[in-house]
Amino acid sequence: MIEKMADDLIRYMTEEKMIKENLKEDYTYALISILEKFITIGSILIISFVIRKSIPSILFLLFFLSLRKRTGGFHFRTFAKCYLATVVAYIIIVSISPILSENLYFLLVIFIIAICCIEFIGTVNHPNMNLDDTEFLEEKKKARCLALILGNIICILLLFKIDILYISYMSMAIILDAFLLVFAKLIKQEVKNHEKNY
């Protein structure tokens, strides 16, 4: 359905000479990506509003999406599977975050392990990313740096005694990202020729 909408719109834009024929595929891919992100993020925001967890959910999304963009990690082959998995993962996070906020030491141990995984791996060059060697190195550096920055933000907020539920959601964003990163490595869902020991 999303592909058909994107195809129809791009075809119309091509016919109206708004875009060049040779760029049709690029525009279609970009439009599909935007629509898929809009639907996924929109669904999470709607759920968060209904369950009255908008602020922690927005913090979760900010942390997770900023890291995910740099680290890559496991991806499903279809949008439907990705969408379903994302919503289910979010519901699981909503369910376990209050429990983890009551077990702060356990949460911190998992959080530190997650930061270490991201620092060790950096980035998985997923086939959709298809980075060249230079881009791959840059993304690894950015991912590692961003993980440290986000980790420090969480530590500072802990010192200032910010609501532990917020801390839990932000930590879960990093934990989920690290899990997807490690899982992609384990199942070898990556472009191998760029993977070196950096």
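Predicted model only: the values in this text are computed from it and were never measured.
- Partners of F111 by ring-ring contact (aromatic ring centres under 6.0 Å, His included), not counting sequence neighbours: none found.
- As a member of the Ile/Leu/Val/Met/Phe/Trp/Tyr network built from side-chain separations under 4.5 Å, V109 groups with I113.
- Counting only residues at least two apart or in different chains, salt bridge (Lys or Arg N to Asp or Glu O under 4.0 Å) contacts with residues 155-178 are absent.
- Judged as a salt bridge (Lys or Arg N to Asp or Glu O under 4.0 Å), the pairs with a partner in residues 68-93 (not counting sequence neighbours) are, in order, R70-E139.
- Connection of I112 to L148 is not established within any shared hydrophobic cluster, with ILVMFWY side chains joined at heavy-atom distances below 4.5 Å, either directly or through further cluster members.
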All N/O donor-acceptor pairs, side-chain side in residues 98-106, below 3.5 Å, sequence neighbours left out:
from, atom 1, to, atom 2, distance (Å)
S101, OG, S97, O, 2.6
S101, OG, P98, O, 3.2
N103, ND2, I99, O, 2.9

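- A search for side-chain contact (heavy atoms from CB on, under 4.5 Å) contacts involving S54 returns S48, F49, not counting sequence neighbours.
- Sorted by first and then second residue, the pairs that involve residues 85-95 and meet side-chain hydrogen bond (donor to acceptor under 3.5 Å, both in side chains), not counting sequence neighbours, are S57-Y90.
- Remark: I19 pairs with I10, M13, T14, Y27 by the side-chain contact (heavy atoms from CB on, under 4.5 Å) rule, at least two apart or across chains.
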Show me the donor-acceptor pairs, under 3.5 Å and distance only, between side chains in residues 34-46 and residues at least two apart or in other chains.
from, atom 1, to, atom 2, distance (Å)
T40, OG1, E36, O, 2.9
S43, OG, I39, O, 2.8
S43, OG, Y83, OH, 2.7

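- Taking the side-chain contact (heavy atoms from CB on, under 4.5 Å) definition, one finds that E15 meets it with R11, sequence neighbours left out.
- Shown here are the salt bridge (Lys or Arg N to Asp or Glu O under 4.0 Å) partners of K4, two or more places apart in sequence or in another chain: D8.
- The ring-ring contact (aromatic ring centres under 6.0 Å, His included) pairs that include a residue from residues 160-181 are F179-F183, where partners are two or more places apart or lie in different chains.
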